[in-house]
Engineer: 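Have a look at the structure that comes next, please.
So that the names make sense, note that chain A is the first sequence line, chain B the second, and so on, each numbered from 1.
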Amino acid sequence: MSLVNTTEMTMAEALRDAMRLAMQEDPRVFLLGEDIGIKDGFGGGFTVTLGLSDEFGHERVMDTPLSEAAIIGAAVGAAMVGMRPIAEMQYGDFVFVGMDQLVNQAAKMHYMSNGQVSVPMVLRLPVGASRRGAQHAQSTEAYWMHTPGLKVVCPSNPYDAKGLLYAAIRDENPVIFLEHKLLYGGKGGRKEKTSIDPIMEVPTDSYEVPLGTLKEVREGQDVTILANMMMVYRSIAAADSLAEEGIRAQVIDMRCLQPLDLDLLSEAVKKTNRVLIVEEDNLTAGWGAEIAARLGDEVFYYLDAPIKRLAAPDTPVPTAATLEEEYLPTTEKIVEAVHGLLEGG
Amino acid sequence: MSLVNTTEMTMAEALRDAMRLAMQEDPRVFLLGEDIGIKDGFGGGFTVTLGLSDEFGHERVMDTPLSEAAIIGAAVGAAMVGMRPIAEMQYGDFVFVGMDQLVNQAAKMHYMSNGQVSVPMVLRLPVGASRRGAQHAQSTEAYWMHTPGLKVVCPSNPYDAKGLLYAAIRDENPVIFLEHKLLYGGKGGRKEKTSIDPIMEVPTDSYEVPLGTLKEVREGQDVTILANMMMVYRSIAAADSLAEEGIRAQVIDMRCLQPLDLDLLSEAVKKTNRVLIVEEDNLTAGWGAEIAARLGDEVFYYLDAPIKRLAAPDTPVPTAATLEEEYLPTTEKIVEAVHGLLEGG
Amino acid sequence: MIKYTSEQLFDMYRLMVTIRRFEDHLYQLFLQGLVPGTLHQYQGQEAVAVGVCSALQPADIIFSTHRPVGHGVAKGMSLKSIAAEIMGKADGCAGGKGGQMHLTDVSVGMMPSNAIVGANIPIATGAAIGFMLRGEERVSISFFGDGAANIGAFHEGINLAAVKNAPVVFVCENNQYAASTHISLTMKIENVADRAESYGIPGVILDGMDVMAVRETAEKAVERARRGGGPTLIEAKTYRFMGHSRGDPGKYRSEEELSEWRSRDPIPKYRAYLEAQGIDPLTLASLEESVDERIDEAVEYALAAPEPDASETYLNVYAERRK
Amino acid sequence: MIKYTSEQLFDMYRLMVTIRRFEDHLYQLFLQGLVPGTLHQYQGQEAVAVGVCSALQPADIIFSTHRPVGHGVAKGMSLKSIAAEIMGKADGCAGGKGGQMHLTDVSVGMMPSNAIVGANIPIATGAAIGFMLRGEERVSISFFGDGAANIGAFHEGINLAAVKNAPVVFVCENNQYAASTHISLTMKIENVADRAESYGIPGVILDGMDVMAVRETAEKAVERARRGGGPTLIEAKTYRFMGHSRGDPGKYRSEEELSEWRSRDPIPKYRAYLEAQGIDPLTLASLEESVDERIDEAVEYALAAPEPDASETYLNVYAERRK
Ligand SMILES: Cc1ncc(C[n+]2csc(CCOP(=O)(O)OP(=O)(O)O)c2C)c(N)n1
Ligand SMILES: Cc1ncc(C[n+]2csc(CCOP(=O)(O)OP(=O)(O)O)c2C)c(N)n1
Ligand SMILES: [Mg+2]
Ligand SMILES: [Mg+2]
């Protein structure tokens with residue numbers, strides 16, 4: 001029984017480690033993006049690629065001009081001829097500059113060519129509000145869930161981050177990989193103001209957390225809370241405070257939204273009979289809407305109350321601290337929503 | 001009691017008439033897009049702007065280079081200095097080339113400027129499958145519903161088309177105006193293969209159909225069917241065939257998805273207690289998901305069966321006729337889904 | 001000075017005649033209502049596809065557009081697989097799922113053609129970057145039109161290729177129109193190739209109706225790219241003899257303009273060149289006959305081919321993990 | 001030959017010193033942890049903002065970037081409204097909703113600054129098209145950096161402006177870097193202005209550290225646009241003395257490079273020019289003092305200003321119908 005060698009890692013370090021190991025193991029893997037490999041530079045928007053260009057050189061850790069359509073388009077082209085590119089958008093919001101290359105090219109290429117060509121690529125999007133305003137804060141999961149051909153991954157902790165990224169790199173399809181800015185665990189000048197920096201023991205070797213899997217991060221019989229990324233932490237905090245009132249809230253980390261493990265969700269709700277979905281992005285047509293609609297159909301007869309959603313209001317993300325705080329779902333709001341659910345809605 | 005003067009119009013003619021009247025009444029209104037005003041040209045992708053450049057000249061019916069980011073971006077800029085531009089994407093799918101200008105600029109400008117600037121513009125998107133394949137067939141409503149600051153309109157008939165477009169032009173916000181290719185009623189060479197060409201008596205004067213309103217197009221006590229654009233026709237056909245079995249299906253035309261008249265929907269479902277949502281675009285995270293999630297919360301205790309959704313599968317749109325037909329929800333599938341609903345799902 | 005073997009010269013003629021007659025035949029089928037979807041036809045531009053593709057090595061790849069039949073034939077696709085795809089049949093090169101604007105046959109280096117104007121430019125750049133990283137001496141070609149020269153993907157894709165010195169050749173087929181819009185309305189300058197200077201790469205303007213000129217220019221650019229000399233932007237001045245797409249009568253073009261360009265038809269021009277080199281017109285005539293036979297065969301095959309089964313709709317959305 | 005009044009010369013000096021000292025003051029506040037969000041600072045580029053804005057008529061408008069403080073001050077925004085916005089306060093120019101990258105004051109023609117690089121280029125073109133259609137003799141200015149010159153919106157926006165002859169002037173502030181990436185890695189050619197030829201419009205390269213040169217060039221381009229002569233692409237060679245944004249130590253730049261550009265600081269250079277014109281250094285000194293007072297006032301105002309009420313979060317998503 002060989003002991004797995006582990007070490008303490010932040011999300012940024014875990015993500016970097018997944019890419020480093022993948023690049024060591026597979027010459028087809030390469031990175032491209034803005035400021036990701038510049039000598040004495042940032043190592044990408046949030047230090048995730050720091051040091052990789054020293055180890056692998058500036059061809060395999062390729063800095064590009066400020067051209068998001070070309071960054072994504074070049075990743076599509078390289079993937080079509082057998083490479084396994086990992087492209088970075090410095091902030092997830094810039095993906096819209098290259099949206100055609102993602103929605104009309106990467107996502108549809110395999111289908112339109114009837115399987116002749118596939119696009120094994122990863123597109124990394126730093127997401128979540130961080131006091132920089134509406135064009136630097138969007139989460140965007142729902143756009144990708146509505147685009148057949150894409151897979152959608154959104155880890156909340158370093159262990160999942162490393163395993164899911166490693167699996168995404170080895171997947172034959174374009175994977176949208178969301179990374180929450182307040183979970184990176186940046187140090188020094190790069191530390192985000194309101195960040196929660198989860199640090200965990202993470203295996204030093206490469207390992208896969210399979211795409212299409214969800215994870216119960218807290219048991220509970222009375223209500224099921226579905227949340228992703230930063231909202232996992234606020235949901236756990238809410239569950240802790242609910243526990244003091246004798247309410248046992250289950251929390252499921254929605255770490256992969258496409259493919260979606262609907263069975264796990266259905267089984268969970270069949271036991272708790274009450275569901276709250278907590279989402280950082282805007283409520284209307286968010287990823288929570290699809291989950292609510294699916295479960296509302298699958299387990300309708302097990303529901304003791306309507307499926308509730310707690311999400312950001314339908315507004316762009318405001319910058320000022322007081323407004324951003326009002327905008328984001330909070331632990332208190334989660335507790336309140338669960339109370340509402342238990343009173344039969 | 002003055003009689004309203006009306007005349008027979010196709011969708012294309014009704015849309016053209018709305019723009020013509022708006023341009024006659026308001027010098028701030030102008031059109032921009034590819035091939036919309038070329039002498040002896042197409043009059044836009046689907047003849048909607050045919051003849052307008054002869055009447056208003058080539059400045060106010062402005063042909064542009066093939067540059068969707070600049071077409072949408074220029075509309076944003078012109079709207080910010082007091083104009084009321086109507087931009088056309090030759091096919092809705094090309095909007096992704098200019099997505100940043102829509103999602104990060106048009107939709108957020110009013111909010112980010114704290115109300116100092118608004119963007120009164122209309123973006124017309126020809127949508128729906130028409131035997132041209134995955135990059136010429138998308139409906140895209142869900143992307144716009146998930147983008148606060150945009151309004152989303154999708155008329156099914158000439159009367160609504162003229163009134164909604166006229167209202168959209170006078171709205172102070174960016175309105176995404178979806179026009180289904182198979183409803184335009186193109187004549188001669190421009191006639192679409194599988195088109196249903198609704199021709200209706202339409203008032204010759206200008207009139208508004210208020211944004212944010214929905215329309216019951218068929219009464220029924222047993223089940224409520226919510227559908228938009230082409231699916232309104234297939235739902236009515238399904239309702240006709242269900243009527244022969246004594247099943248009274250209500251059909252509501254979801255002609256405006258944002259703002260959404262949730263009260264009308266709630267009241268309807270409170271009476272029928274069963275809901276089927278019929279959507280041409282892909283199922284997952286479609287506009288139907290948001291409606292199902294909202295109603296599943298609002299009228300949970302009135303539901304006798306789970307809210308069902310019938311939509312296209314989660315695949316890009318295939319080109320071949322047999323595949324496109326399999327892909328699109330059909331009248332038969334609607335009838336089947338209603339049967340399922342009535343047997344308690 | 002003929003530097004090509006007669007076999008190469010014949011081959012080019014065969015391909016140009018095949019494209020012309022195949023497209024003409026498809027147009028007849030369209031008039032008979034036998035073409036389910038759309039048609040963007042290539043008659044008039046044959047010299048560009050054939051000139052460029054004949055300058056390639058087998059392992060080189062091309063990225064085509066909404067107007068892909070000429071490129072597909074020139075790169076070596078079978079007429080049957082193209083005809084069946086245009087007819088939306090199961091035996092089409094993409095099983096009927098792609099359609100006329102999405103022709104592909106990776107086995108001959110015809111990458112999926114793209115219905116989004118300009119989108120294949122950064123994709124072709126990425127493929128070239130892939131070749132560099134893999135140490136493969138392969139070149140990627142991006143075909144696009146004059147309309148594509150004004151879209152963002154043109155600027156970003158060519159600039160990235162230039163700064164990375166990627167082995168890609170950009171071929172602009174300037175047929176004077178983007179659908180109904182004449183180029184004089186979409187650009188203030190005359191030559192797309194002049195935009196090469198913005199990216200620090202060579203720009204070459206050539207007569208797109210002269211297959212020999214196209215081939216020679218393409219050979220230089222392709223070898224330059226293969227040797228690590230970076231990309232080239234080639235602008236072939238050409239013209240399409242048909243409307244923009246299926247039902248377009250093309251009234252936005254003057255009769256004079258059309259007949260002037262018809263008078264520079266690349267096929268009779270090349271045929272005259274071959275005859276001037278002493279090639280027997282009978283040989284050419286018999287070659288044309290064999291082309292007609294192959295076209296009839298392909299059309300019959302396509303018309304007789306089965307429709308794809310409805311269940312195909314749900315396949316190939318996601319690629320399976322290869323072990 | 002001084003063609004500007006002394007009042008105009010003083011004004012330019014006042015604005016440049018205001019921008020420099022205001023940004024320096026904001027940096028100190030950042031070091032004290034008093035700046036909630038991000039900072040992209042303008043020190044070193046003052047001559048471009050002031051040179052261009054002083055060439056405008058009051059009704060002309062400017063579109064700025066993620067680095068907007070210099071443009072906002074030069075266009076006439078109040079320091080209080082800028083400082084309060086950067087501090088996320090209710091009295092900020094956008095009520096705290098926009099933040100440092102989204103400064104705006106339509107009353108002085110400062111349109112909302114844009115955090116998406118290059119996005120303001122087609123928007124500025126659209127505003128200019130709006131002026132033409134309204135018959136208004138107004139000009140719109142688009143500011144952007146060297147990084148923006150490689151994005152699709154640059155290509156599409158400038159090309160559209162060129163073919164429509166729109167009254168817009170494009171001002172590229174080439175400070176050699178896009179965040180940590182030096183321009184030599186993002187473009188194979190040296191001058192962004194050379195790309196003007198692709199669009200058939202004039203391109204002008206100038207020393208962005210010389211406010212007089214900037215103003216004169218800008219005046220010519222602005223009047224040309226106002227008269228219907230169409231757009232101009234101006235490239236101001238300049239440099240930013242600070243890191244890219246708040247915590248960036250800028251280690252990717254050499255000390256020599258930084259000190260070389262510091263030696264060409266536009267403010268002492270302009271001050272020397274004024275003194276050479278016989279302006280009394282004491283007058284300049286007192287002017288600097290009044291600047292410091294106004295900055296202190298603005299910072300105190302901002303620090304004391306209230307946070308926006310949480311209810312503001314839900315307002316101004318949709319504009320109401322104006323009767
Ligand atoms: C991004 C985008 N915009 C618009 C269209 C619609 N469209 C298809 S072909 C075409 C004209 C393209 O002209 P050009 O690039 O010169 O190619 P040509 O058709 O002349 O071969 C247009 C406007 C499209 N397919 N993609
Ligand atoms: C489309 C887009 N891509 C990336 C970024 C992130 N980013 C912000 S500023 C910047 C560098 C911009 O460089 P330049 O245009 O030269 O302006 P400068 O910062 O030098 O003034 C980058 C990469 C962004 N804001 N928008
Ligand atoms: Mg063309
Ligand atoms: Mg710069």
Side-chain angles (χ1 to χ4, degrees), chain A residues 27-30 32 59-60 62-85 87 97-98 100-101 103-121 148-151 167 170-174 210-212 258-259, chain C residues 61 63 85 92-99 101-102 104-107 111-116 118-136 138 140 142 151-153 155-164 166 168 308 312 315-322:
Chain A
R28 298 173 303 173
V29 180
F30 78 104
L32 68 164
E59 264 77 45
R60 283 187 76 193
M62 179 180 279
D63 285 294
T64 69
L66 207 156
S67 314
E68 279 75 13
I71 292 169
I72 301 174
V76 171
M80 285 166 72
V81 297
M83 297 301 284
R84 306 188 83 85
V97 174
D100 175 75
Q101 291 291 341
V103 169
N104 278 335
Q105 311 302 335
K108 296 177 171 56
M109 199 64 80
H110 189 64
Y111 188 81
M112 289 195 297
S113 66
N114 203 26
Q116 277 191 53
V117 172
S118 56
V119 183
M121 65 176 270
L150 302 180
K151 294 191 178 183
R170 297 157 68 96
D171 194 279
E172 292 308 322
N173 301 282
L211 302 191
Q258 176 64 32
Chain C
I61 62 175
F63 291 86
E85 188 63 33
C93 58
K97 266 193 203 162
M101 295 189 281
H102 300 288
T104 184
D105 183 347
V106 176
S107 73
M111 305 308 280
S113 67
N114 212 308
I116 301 296
N120 80 23
I121 296 172
I123 293 176
T125 295
I129 287 172
F131 293 155
M132 285 199 299
L133 290 170
R134 297 164 73 86
E136 295 173 353
R138 299 169 67 188
S140 108
S142 164
I151 203 161
H155 185 65
E156 293 194 13
I158 296 179
N159 187 61
L160 177 63
V163 294
K164 299 302 175 186
V168 49
E312 286 289 324
L315 306 181
N316 291 320
V317 181
Y318 291 96
E320 292 316 318
R321 281 288 280 274
R322 271 169 269 163

Engineer: Which answer fits Met132(C), side chain, backbone, both or neither, if we ask what part of it has an atom under 4.5 Å from a heavy atom of chain A?
Structural biologist: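 Looking at Met132(C), nothing touches chain A.
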Engineer: What residue, out of Gly115(A), Ala70(A), Pro85(A), has the most heavy-atom pairs lying under 4.5 Å from chain C?
Structural biologist: Ala70(A)
Engineer: Judged by atom type as modelled, is there a donor-acceptor pair below 3.5 Å linking the side chain of Gln101(A) to the main-chain atoms of Ala119(C)?
Structural biologist: yes
Engineer: Would you mind telling me which of Asp100(A), Val117(A), Asp171(A), Val76(A) has the largest number of heavy-atom pairs within less than 4.5 Å of chain C?
Structural biologist: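 Greatest number of close heavy-atom pairs with chain C: Asp100(A).
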Engineer: Select one option (side chain, backbone, both, neither) describing which atoms of Val119(A) are under 4.5 Å from chain C's heavy atoms.
Structural biologist: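 It is neither, since no heavy atom gets under 4.5 Å.
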Engineer: Which atoms of Leu32(A) come close to chain C, meaning under 4.5 Å heavy atom to heavy atom: side chain ones, backbone ones, both, or neither?
Structural biologist: neither
Engineer: About how many Å separate CE of Met62(A) and CG of Leu133(C), when rounded to the nearest 0.5 Å?
Structural biologist: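 Between Leu133(C) CG and Met62(A) CE, I get 5.0 Å after rounding to 0.5 Å.
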Engineer: Name the region of Gln105(A), side chain, backbone, both or neither, that has any atom closer than 4.5 Å to a heavy atom of chain C.
Structural biologist: side chain
Engineer: Between Val106(C) and chain A, which part of the residue has a heavy atom less than 4.5 Å away: side chain, backbone, both or neither?
Structural biologist: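 Looking at Val106(C), backbone and side chain both touch chain A.
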Engineer: Is Val97(A) close to Glu156(C) at the side-chain level, that is, under 4.5 Å between some pair of heavy atoms?
Structural biologist: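 They are in contact (side-chain heavy atoms under 4.5 Å apart), so the answer is yes.
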Engineer: Which bit of Gln116(A) comes within less than 4.5 Å of chain C, counting heavy atoms only: side chain, backbone, both or neither?
Structural biologist: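 The answer is both parts of Gln116(A).
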Engineer: Which value, rounded to the nearest 0.5 Å, describes the distance between Arg134(C) atom CZ and Met83(A) atom CE?
Structural biologist: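 Output value for this atom pair is 6.0 Å.
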Engineer: Between the main-chain N or O of Arg321(C) and the side-chain N or O of Arg170(A), is there a donor-acceptor pair closer than 3.5 Å?
Structural biologist: no
Engineer: Let me know which of Met112(A), His110(A), Met109(A), Lys108(A) forms a side chain to side chain contact (heavy atoms under 4.5 Å, CB included) with Pro112(C).
Structural biologist: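 Between Pro112(C) and the candidates, side chain to side chain contact (heavy atoms under 4.5 Å, CB included) is satisfied uniquely by Met109(A).
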Engineer: I want to check something: taking the side chain as every heavy atom from C-beta on, are Val163(C) and Pro65(A) in contact at a cut-off of under 4.5 Å?
Structural biologist: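 They are in contact (side-chain heavy atoms under 4.5 Å apart), so the answer is yes.
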Engineer: Under a 4.5 Å cutoff for heavy-atom pairs, which residue among Ala124(C), Ala115(C), Gly130(C) has the most contacts with chain A?
Structural biologist: Gly130(C)
Engineer: So which atom in Val317(C) and which in Tyr111(A) form the shortest heavy-atom distance, rounded to 0.1 Å?
Structural biologist: CG2-CD1, 3.8 Å
Engineer: Answer with side chain, backbone, both or neither: which region of Pro148(A) has an atom nearer than 4.5 Å to a non-hydrogen atom of chain C?
Structural biologist: both
